[in-house]
2 protein chains.
Amino acid sequence: MSSFNILIVEDEDAIRGMLMMVLEQAGFMPIAAADAEEAQKILDDKLPDLILLDWMLPGISGAEWARRLKKEPIYRDIPIILLTARGEEEDKVRGLEIGADDYVSKPFSPKELIARIRAVLRRSGKIPGQAQITLGDLMLDTEQHRLSIGDKQLEVSPTEFRLMHFFMTHPDKVYSRTQLLDQVWGRSVYIEERTIDVHIRRLRKILEEYGREDLVQTVRGFGYRFSLVD
Amino acid sequence: MSSFNILIVEDEDAIRGMLMMVLEQAGFMPIAAADAEEAQKILDDKLPDLILLDWMLPGISGAEWARRLKKEPIYRDIPIILLTARGEEEDKVRGLEIGADDYVSKPFSPKELIARIRAVLRRSGKIPGQAQITLGDLMLDTEQHRLSIGDKQLEVSPTEFRLMHFFMTHPDKVYSRTQLLDQVWGRSVYIEERTIDVHIRRLRKILEEYGREDLVQTVRGFGYRFSLVD
DNA sequence: ACGCCTTGTTACCCTTTTGTGACAAAGCCA
DNA sequence: TGGCTTTGTCACAAAAGGGTAACAAGGCGT
């Protein structure tokens, strides 16, 4: 297993040190910076696999810096996890279209942090994950980016593909719209919950052609479930 | 397995020594020089299979020397891997059109270095790999630099040939534009991602003459895939 | 030096995708 | 059944993503 470079940008010494330790312990290779300028210098040298970024920073704020990074093609693909202090409204973090991939609010448990980092790395394709997922006669291949029922190819849009991917890796369990948004769209985008319904509808429409619209089930008052059995 | 001569050009004694050891251990035959002049003398004597070159050198900088080498037909085909120290901006390395085949930033792990060396040797055809690759009625011959469908020769440009080579050795898998750039153009060139589209277009145009433009498939939002099946 | 080929880049266009509001339909409970 | 809540569905507009042609620069051979 390869080791990932993680850039920590955090002004408080105590937290920065703690993060370094936690990440090292978890087998990552962290590099730390105290502000955006310093972080930029590190970036100039080598692109990390992920950036752990404090939302509030002296000088250029973390949010502002993240926004800039996401505009540059060279940096765009580096996933960013924001660290938000308790009291900084979660909504704001979601609302501002920063393009962060996730956020974690302080205080957080090391375990949670590591889990989120792994999740983001996996989602951005840096950790391989399972290439083929089979469920009944459904087959989803992330390498080939193909989805099929039996030997028929399904034509799905990128979002539909991700949604199916999530469902097939988490079958037989109900997920709320919020959970689906977090898992499929990422925790820091803000879109209406009802939009999920529309995507569910679109998925069902495709599955309908194969008489399999029953795979996606509504659980009234809770959300949706993907399951082979009704 | 044959053993490759690798010329190390590095001014710091400690690093030079370390490189010698690491390469020997890995079964290569390294020769070392401390600066460009010394390296040039070694070159005059015998052409190595690959040059491992420090980007910053006293006297003529590594970058400058590499650029000169790439202008001389005799040396052009020797692959060069640049060693960049932390703090030397990656952008510059990519941006300046040095013509290096790859770069590795210090500090690097021996494992990573060896892997990159192997990759570059393979890409430049020094490690034989497969001379002939067949995929359906497609045939690509790396030795003769020929590509054919059935018994018809295809006329492709060098870049198109490399792209086809990569595709035929990695079929049925989606690659992002970035991945294609890294794999086909090499990690140390910086070109626009959209340029890929243009090359794909050119490839398709050629394949079109044989009704095979469907071999190169667009996967919206992700990249391209080469596959015999739709 | 000249012309041809190769290659990277850009601009423009078209298609697909996607989020959203509006309204109908369905479900639930008293 | 009636009224309220939760979903389903549709149409639309904006945005994203790609396809393509045209252009310019560089390289190469003659």
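Remember, it's a predicted structure, so these values are computed and weren't measured experimentally. Chain letters run A, B, ... following the sequence lines, proteins first and then strands; every chain starts at 1.
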Q: Can you measure from CD1 (B:Ile81) to CZ (B:Arg116) and round to the nearest 0.5 angstrom?
A: 8.0 Å
Any side-chain N or O of [X] under 4.0 Å from OP1/OP2 of [N]?
X: A:Arg201; N: D:dC10; result: yes
X: B:Thr218; N: D:dG17; result: no
X: B:His199; N: C:dG8; result: yes
X: B:Tyr190; N: C:dT9; result: no
X: A:Trp185; N: C:dT18; result: no

Q. Which nucleotide in the list D:dG8, D:dG19, C:dT9 gets nearest to the side chain of A:Tyr224?
A.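 In terms of side-chain proximity for A:Tyr224, the closest of D:dG8, D:dG19, C:dT9 is D:dG8.
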Q. Is B:Leu203 close to B:Met164 at the side-chain level, that is, under 4.5 Å between some pair of heavy atoms?
A.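 Result yes, sub-4.5 Å side-chain heavy-atom pair found.
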Q) Does the side chain of A:Ile206 come within less than 4.5 Å of A:Val156's, by heavy atoms? A)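 Yes, side chains in contact.
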Q: Answer yes or no: does atom CD of B:Gln153 have more than 12 heavy-atom neighbours from other residues, nucleotides or ligands under 6.0 Å?
A: yes
(Q) Which is more 5' along DNA chain D, the nucleotide nearest A:Lys205 or the one nearest B:Ile200? Just name the residue. (A)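 Of the two residues, A:Lys205 wins.
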Q) On DNA chain D, nearest-nucleotide positions of B:Phe222 versus B:Val198: which is more 5'? A)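 Taking each residue's closest nucleotide, the earlier one in sequence belongs to B:Phe222.
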(Q) Need to verify one output field. Residue with the more 5' nearest nucleotide on DNA chain C, A:Thr195 or A:Arg220? (A)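 Counting from the 5' end, the first nearest nucleotide belongs to A:Thr195.
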Q) Between A:Asp214 and A:Arg204, does at least one N-O distance fall below 4.0 Å, as a salt bridge requires? A) no
(Q) Please determine whether a side-chain nitrogen of the Lys or Arg among B:Lys41 and B:Asp44 lies less than 4.0 Å from a carboxylate oxygen of the Asp or Glu. (A)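 Here B:Lys41 does not pair with B:Asp44 in a salt bridge, since their nearest N and O are not under 4.0 Å apart.
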Q.
Walk me through whether B:Ser227 and A:Gln144 qualify under side chain to side chain donor-acceptor pair (under 3.5 Å).
A. CA-CA 9 Å; B:Ser227 173; A:Gln144 303 191 44; 5.4 Å; no
Measure the distance from [atom1] on [X] to [atom2] on [N] and round it to the nearest whole Å.
X: A:Leu203; N: C:dT18; atom1: CG; atom2: P; answer: 11 Å
X: B:Glu213; N: D:dT20; atom1: CD; atom2: P; answer: 10 Å
X: B:Ile191; N: C:dT6; atom1: CD1; atom2: P; answer: 17 Å
X: B:Asp77; N: D:dG27; atom1: CG; atom2: P; answer: 15 Å
X: A:Glu193; N: D:dG8; atom1: CD; atom2: C1'; answer: 16 Å
X: B:Asp197; N: D:dA21; atom1: CG; atom2: C1'; answer: 14 Å
X: A:Glu192; N: C:dT18; atom1: CD; atom2: P; answer: 17 Å

Q: With a 4.0 Å heavy-atom cut-off, tell me which residues in residues 153-180 of chain B come close to DNA chain C, sorted by residue number.
A: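 Nucleic-acid contacts, sorted: B:Ser157, B:Pro158, B:Thr159.
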Q: Take B:Leu138 and B:Thr134, measure what side chain to side chain contact (heavy atoms under 4.5 Å, CB included) needs, and give me the verdict at the end.
A: CA-CA 6 Å; B:Leu138 284 171; B:Thr134 326; over 6 Å; no
(Q) So that I know where these two stand, are B:Phe226 and B:Phe166 an aromatic pair - ring centroids less than 6.0 Å apart? (A) no
Q. Taking the six-membered ring where the residue is Trp, are the ring centres of B:His145 and B:Phe161 under 6.0 Å apart?
A. yes
(Q) Between the base of C:dG8 and the side chain of B:Arg202, is there a donor and acceptor pair under 3.5 angstrom? (A) yes
Q: Could you tell me whether the side chain of A:Arg194 has a donor or acceptor atom within less than 3.5 Å of a complementary atom in the base of D:dG8?
A: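 Donor-acceptor pair under 3.5 Å: yes.
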Q: Note the angle between the end axes of the helix from C:dA1-D:dT30 to C:dA30-D:dT1, five pairs defining each, rounded to 10 degrees.
A: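 Here the local axes at opposite ends form an angle of 30°.
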